[in-house]
Amino acid sequence: MTANATVLEKNFSALRARIRGLEREAGRAAGSVQVVAVSKLHPAGAVRRLAALGQRAFGENYFQEGLDKQAQLAGLALEWHFIGHVQGNKTRGVAENFSWVDSVDKIKTARRLSAQRPAGLPPLNVCLQVNVDDEQSKFGAAVGEVDALAHAVAELPRLNLRGLMAIPKLQHDPALQRRGFATLRRILERLCRSGLPLDTLSMGMTFDLAAAIAEGATQVRIGTALFGPRPNPMQK
Ligand SMILES: *Cc1c(COP(=O)(O)O)cnc(C)c1O
């Protein structure tokens, strides 16, 4: 169930304090890790409460749900991230209504998003999703394809390629959690050396944010630690 107002406030300050501590432990500057609050399956009212506490970036996985929530919160200056799989028939809506897409994994999707980004809006910020464990069942570009994809996406006029995103295989051992994140960081470093001006490593969720921050995450995508457990979608 989505947390009530008091719990949301507690969760928000606890998360902030935890991230400050992890930044310090990793020898990183305070504020170098941005939180994208993942509001999927939580109501617009909870987003409004977090926004009142100062949270600005929100992530949604499902296009129609995200759009409905944006409509309910139209007066607020929020930064919306699309973090789910981008279906071919949703690229126009995503290009028109989001500031970021964290989960681009195909050149075809990138071309459509660029072509469909409205002229009156700034270029769409994008991260490439990388399948760091090369798992059959996962979305994301294969590790061996990322360099070519990144250089092709960087050429698209209405996209601003910002970096990489990954959801590594679920691991309980922190050392193994770090391994997947380190793979993503090394790919980003390689792309930077090859001339791409990338500044974003979107990695780490509630469960593994400590390992992600230790490996250089600049953006963590946090749902449960802020909003509480997600309501069952069948009861929505
Ligand atoms: C749901 C989701 C999250 C947030 O997960 P939590 O474990 O609730 O923090 C982050 N990233 C993506 C891509 C998600 O789908």
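FYI, the numbering just counts along the sequence from 1. Order of listing sets the numbers, starting from 1, for every ligand and every atom in it.
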Proximity to ligand 1 by part of Asp102, non-hydrogen separation under 4.0 Å: neither
Short N or O distance, Gly223 and ligand 1, threshold 3.5 Å exclusive: yes
Over all atoms of both residues, closest heavy-atom pair of Leu124 and Phe98: CD1-O, 3.3 Å
Flag side-chain contact, heavy atom, 4.5 Å: Leu191 against Val146: yes
Between Thr218 and Gln34: side-chain donor-acceptor atoms closer than 3.5 Å: no
Atoms of ligand 1 close to Ile222 [distance to a heavy atom under 4.0 angstrom, numbered from 1]: 9 (O)
Taking atom 10 (C) of ligand 1 as the reference point, the nearest protein heavy atom with its distance: Met205 SD, 3.3 Å
Taking atom 11 (N) of ligand 1 as the reference point, the nearest protein heavy atom with its distance: Arg221 NE, 2.9 Å
Residue, atom name and distance, where the atom is the protein heavy atom closest to atom 2 (C) of ligand 1: Lys40 NZ, 2.5 Å
Side chains of Ser194 and His151, donor plus acceptor under 3.5 Å: yes
Taking atom 12 (C) of ligand 1 as the reference point, the nearest protein heavy atom with its distance: Ile83 CD1, 3.6 Å
Shortest protein heavy-atom distance from atom 8 (O) of ligand 1, along with the residue and atom involved: Thr224 OG1, 2.6 Å
Gln116, CD: over 12 other non-hydrogen atoms inside 6.0 angstrom: yes
Protein residue, atom and distance nearest to atom 9 (O) of ligand 1, heavy-atom basis: Thr206 OG1, 2.6 Å
Pair Lys169 + Glu135: basic N to acidic O under 4.0 Å: no
Any donor-acceptor N or O pair under 3.5 Å, side chains Gln64, Asp68: yes
